[in-house]
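The analysis underlying the following values was restricted to heavy atoms, covering all of them including side chains, and did not include hydrogens, waters or symmetry mates.
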Amino acid sequence: MLSLKAPEALQFTDKGRLYYGANQDWFPTNWQRTAGCGPTTCTHLLWYLMRTRSGCRGVCTATGQRRGDVATLMEEIWRFVTPTWMGLHSLRRLRRGVRRFGAAQNVPLRCETLWIPWLRPGRPAAERVRDFIAEALRRDLPVGFLNLSRGALRNLG
């Protein structure tokens, strides 16, 4: 079975409560809470790298393992990975934002992505998707999923 080597790196505490991953509801404004799924996902990915890769340690000013530290990173990322009125609807926009964020922190970052088109005929084979995810996990790289269907997942099958 493949998995991240240090899933505990994505655990946070707040007042004795244990959290497994960030929550877009932690953003301070209503708009951020509504549209913040992309920046929150980027927070997960970057937090994991920050906690497991020495070269990524400087990616965030917060260095603890508390909810407030994660919320700080969410706010920092928001400035670079900023949703439009449609949310974060583009892999190109996500990649560019992550690279700009890393450059601002003097930490070179890059995103490896696999585009899965809306229409089935253009989608990669299931094996290609499986191999993409498996290779990332073998390299201990977290995987995010940018979903443009606002939770209506019927079109992803």
Side-chain angles (χ1 to χ4, degrees), residues 1-12 19-27 29-57 59-60 67 70-105 107-157:
M1 181 171 136
L2 292 171
S3 69
L4 293 172
K5 291 183 174 95
E8 67 280 358
L10 293 171
Q11 294 177 350
F12 319 112
Y19 294 89
Y20 297 93
N23 187 325
Q24 73 191 66
D25 286 338
W26 298 350
F27 278 115
T29 71
N30 187 48
W31 170 243
Q32 288 176 308
R33 288 188 297 273
T34 300
C37 56
T40 302
T41 298
C42 286
T43 298
H44 285 112
L45 302 175
L46 294 174
W47 188 267
Y48 186 82
L49 294 175
M50 183 183 84
R51 304 298 286 179
T52 62
R53 304 283 198 294
S54 61
C56 293
R57 296 237 162 86
V59 90
C60 179
R67 174 181 157 171
V70 177
T72 296
L73 181 57
M74 289 169 65
E75 284 287 329
E76 291 173 3
I77 289 172
W78 180 276
R79 294 182 304 127
F80 297 89
V81 182
T82 309
T84 66
W85 67 274
M86 293 177 58
L88 188 61
H89 64 285
S90 149
L91 284 177
R92 188 180 75 179
R93 187 176 183 88
L94 181 138
R95 283 192 309 257
R96 183 176 50 222
V98 167
R99 284 194 307 262
R100 285 181 40 240
F101 174 77
Q105 312 305 322
V107 177
L109 296 172
R110 79 168 205 251
C111 297
E112 296 178 24
T113 58
L114 177 64
W115 173 249
I116 301 176
W118 177 268
L119 298 174
R120 281 183 203 254
R123 292 181 187 169
E127 294 79 20
R128 171 71 182 109
V129 176
R130 181 199 63 215
D131 292 347
F132 179 85
I133 295 169
E135 178 58 23
L137 293 174
R138 274 193 282 281
R139 294 171 48 205
D140 197 32
L141 295 170
V143 178
F145 180 72
L146 182 59
N147 171 6
L148 304 181
S149 64
R150 296 182 182 248
L153 300 177
R154 291 182 304 269
N155 67 320
L156 296 176

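Looking only at side-chain heavy atoms (C-beta outward), Val98 and Phe80 stay at 4.5 Å or farther from each other. Annotation: side chain of Pro117 is in contact with side chain of Pro124 (closest heavy-atom distance under 4.5 Å). Considering only heavy atoms from C-beta on, Arg93 comes within 4.5 Å of Thr84 through its side chain. Between Leu73 and Phe101, the closest side-chain pair of non-hydrogen atoms falls below 4.5 Å. In this structure, Leu141 and Leu4 have side chains that are not in contact, with every pair of non-hydrogen atoms separated by 4.5 Å or more.
Shown here for Phe27 and Pro39, the closest heavy-atom pair between the two residues is CZ-CB, 4.0 Å. Closest approach of Ala22 to Met74, counting heavy atoms only: CB-SD, 4.0 Å. What you find for Leu91 and Trp115 is that their closest heavy atoms are CD1-CE3, 3.6 Å. The minimum heavy-atom distance linking Gly36 with Trp78 is given by the pair CA-CZ3, 3.7 Å. When every heavy atom of Val59 is checked against every heavy atom of Leu46, the shortest pair comes out as CG1-O, 4.2 Å. Closest heavy-atom contact between Val81 and Gly97: CG2-C, 3.7 Å.
Using a 3.5 Å distance cut-off with no hydrogens or angles, the side chains of Gln32 and Thr29 do pair a donor with an acceptor.
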Run the side chain to side chain contact (heavy atoms under 4.5 Å, CB included) test on Asn23 and Trp26 for me, step by step, so that the C-alpha distance in whole Å, both residues' side-chain angles and the decisive distance to 0.1 Å come before the verdict. CA-CA 6 Å; Asn23 187 325; Trp26 298 350; 3.6 Å; yes
Would Gln24 and Thr34 count as a side chain to side chain contact (heavy atoms under 4.5 Å, CB included) if you check the C-alpha gap in whole Å, the side-chain angles of each, and the deciding distance to 0.1 Å? CA-CA 8 Å; Gln24 73 191 66; Thr34 300; 5.9 Å; no
For a side chain to side chain contact (heavy atoms under 4.5 Å, CB included) check, start with the C-alpha distance between Leu137 and Ser3, then their side-chain angles and the critical distance, and finish with the verdict. CA-CA 6 Å; Leu137 293 174; Ser3 69; 5.7 Å; no
Going through the checks in order, is the side chain to side chain contact (heavy atoms under 4.5 Å, CB included) test met by Glu75 and Thr72? CA-CA 5 Å; Glu75 284 287 329; Thr72 296; 5.9 Å; no
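With Trp47 contributing its side chain and Ala9 its backbone, the two residues share a donor-acceptor pair below 3.5 Å. When atom types are taken as modelled, the side chain of Arg95 and the backbone of Cys111 share no donor-acceptor pair closer than 3.5 angstrom. Using a distance-only test at 3.5 Å, with no hydrogens or angles considered, no donor-acceptor pair links the side chain of Arg99 to the main chain of Leu109. Looking at His44, its side chain never comes within 3.5 Å of a backbone N or O of Leu10 through a donor-acceptor pair.
Atom OG1 of Thr52 is separated from atom CD of Glu8 by 10.0 Å, given to the nearest 0.5 angstrom. The distance from the SG atom of Cys56 to the CD atom of Gln105 is 11.5 Å, given to the nearest 0.5 Å.
Judged as a salt bridge (charged side-chain N to carboxylate O under 4.0 Å, His left out), the pairs with a partner in residues 124-141 (not counting sequence neighbours) are, in order, Arg53-Asp140, Glu112-Arg139, Glu135-Arg138.
In this structure, Arg67 satisfies the cation-pi test against Tyr19, with its NZ or CZ atom closer than 6.0 Å to the six-membered ring centre and inside 45 degrees of the ring normal.
Tyr48 pairs by the ring pair (Phe, Tyr, Trp, His ring centres under 6.0 Å) definition with nothing, not counting sequence neighbours.
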